Structures are given as C-alpha cells and as structure tokens.
Amino acid sequence: MKTIEGNMTLTGKEKIAIINGRFNHIITDRLVEGAKDTFIRHGGDEKNLDLVLVPGAFEIPFVLTKLLETNRYDAICCVGAVIRGATPHFDYISAEATKGIATATMRYGKPVSNGVLTTDTIEQAIERAGSKAGNKGAEAMSTIIEMLSLYNKI
Ligand code: INI
C-alpha cells in the first residue's frame with residue numbers, strides 16, 4: 001500500500017499569508033505570534049510571510065478570496081477570535097467566517113487553514129491563544145505546512 005502524506009518542512013521559498021481578524025486583538029495578536037513562530041521553526045523565510053489585517057472575522061473570507069485570486073501565495077492561514085456575547089451576533093459572524101473560509105478553499109484549490117476561535121467565553125479564548133489549550137494560530141500554521149506539502153505531492 002502506498003501512503004501519501006505531507007511533511008512538516010518548508011524549503012524557505014513558500015509564500016504564505018496570515019489573515020488576522022483584529023477584533024479581540026489581545027487574543028488574535030497571540031494567534032499571529034504562534035503562527036509566525038511555527039512558520040519560522042519549520043524552515044520558512046520571514047520575508048516570504050505577509051500579515052494582512054482585517055477588522056474582524058466576518059471580513060476574513062472576502063480578503064481571503066481576493067488574496068487567492070492574486071495567486072501570490074502558496075497557502076493562507078486565517079486567524080481570528082469570535083467570542084459569544086449577549087446577542088446572536090456570535091452565531092452569524094462565526095458561521096459566515098467558517099463557511100466563507102471553506103468556500104474559498106474549495107474554489108481556489110490552495111491550502112487554507114481556519115484558525116478562527118469560536119468560544120463561549122474570553123477565558124476559553126485565552127486558553128487557546130498560547131496557554132492551557134495551546135495556540136490555535138500555531139496549529140493553523142502547522143496544518144497548512146502539512147497540507148502544502150501534501151498538495152505538492154498529489
Ligand atoms: N468580530 C470578531 O472577529 N469577533 C467577535 O467576537 C465579534 N463580535 O463579537 O462582534 C466580531 N464582530 C465584528 C465583525 O467581525 C465585523 O467586523 C463587523 O460586523 C463589521 O462587518
């Protein structure tokens with residue numbers, strides 16, 4: 001049986017963008033740090049890493065689609081933090097961000113990862129932004145490193 005699997009090593013030539021939904025930036029800045037650190041640790045060259053800031057998670061799919069259209073990037077890592085409040089806003093924003101990221105990924109056929117936190121509380125977000133439950137930005141970057149390698153093999 002032949003197994004086809006991505007590896008976790010970058011050559012230094014890959015061009016990757018991070019899109020950060022700035023809303024709840026105390027959290028999302030930590031996600032960007034985690035993603036950047038993972039990119040560099042796995043062999044990425046910092047000059048090939050761009051950070052694109054958008055106001056919130058709702059705007060991520062639009063900018064993601066625009067960036068994919070340019071064909072400038074090999075893969076794109078999306079981070080953001082949607083935290084539940086007193087109104088149904090959370091449900092609309094998180095659903096649109098998730099659906100939009102998935103739609104753009106399928107449409108442009110490039111590795112994209114979803115590192116947008118959707119949490120009930122700020123504490124849950126802090127736990128996932130570099131403390132108790134790891135760093136979801138770092139995980140999102142690891143995912144596209146593996147997917148990019150797999151993409152190049154198939
Ligand atoms: N955007 C987020 O990224 N996280 C949130 O928790 C959030 N809340 O709670 O409102 C949020 N709202 C802004 C939204 O993403 C858009 O920027 C805004 O609706 C304008 O389109």
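As the structure is a computational prediction, the values presented were derived from the model and not from experiment. Sequential numbering from 1 along the given sequence is applied to the chain's residues. Both counts, for ligands and for their atoms, begin at 1 and track the order of listing.
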Show your working on side-chain contact (heavy atoms from CB on, under 4.5 Å) between I16 and F39 and close with a plain yes or no. CA-CA 9 Å; I16 291 183; F39 175 79; 3.9 Å; yes
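- Listed by chain and residue number, the protein contacts of ligand 1 are F23, N24, G56, A57, F58, E59, A81, V82, I83, H89, I93 (heavy atom within 4.0 angstrom).
- A salt bridge between E5 and K153 is absent, with no side-chain N of the basic residue lying under 4.0 Å from a carboxylate O of the acidic one.
- Within 6.0 Å of CD1 on I26 lie no more than 12 heavy atoms contributed by other residues, nucleotides or ligands.
- In this view, E14 and T11 satisfy the side-chain hydrogen bond (donor to acceptor under 3.5 Å, both in side chains) rule, not counting sequence neighbours.
- Judged by distance alone, the side chains of Y73 and D50 do bring a donor and an acceptor atom under 3.5 Å apart.
- Separation of atoms OG (S149) and CD1 (I4) is listed at 11.5 Å; rounding is to 0.5 Å.
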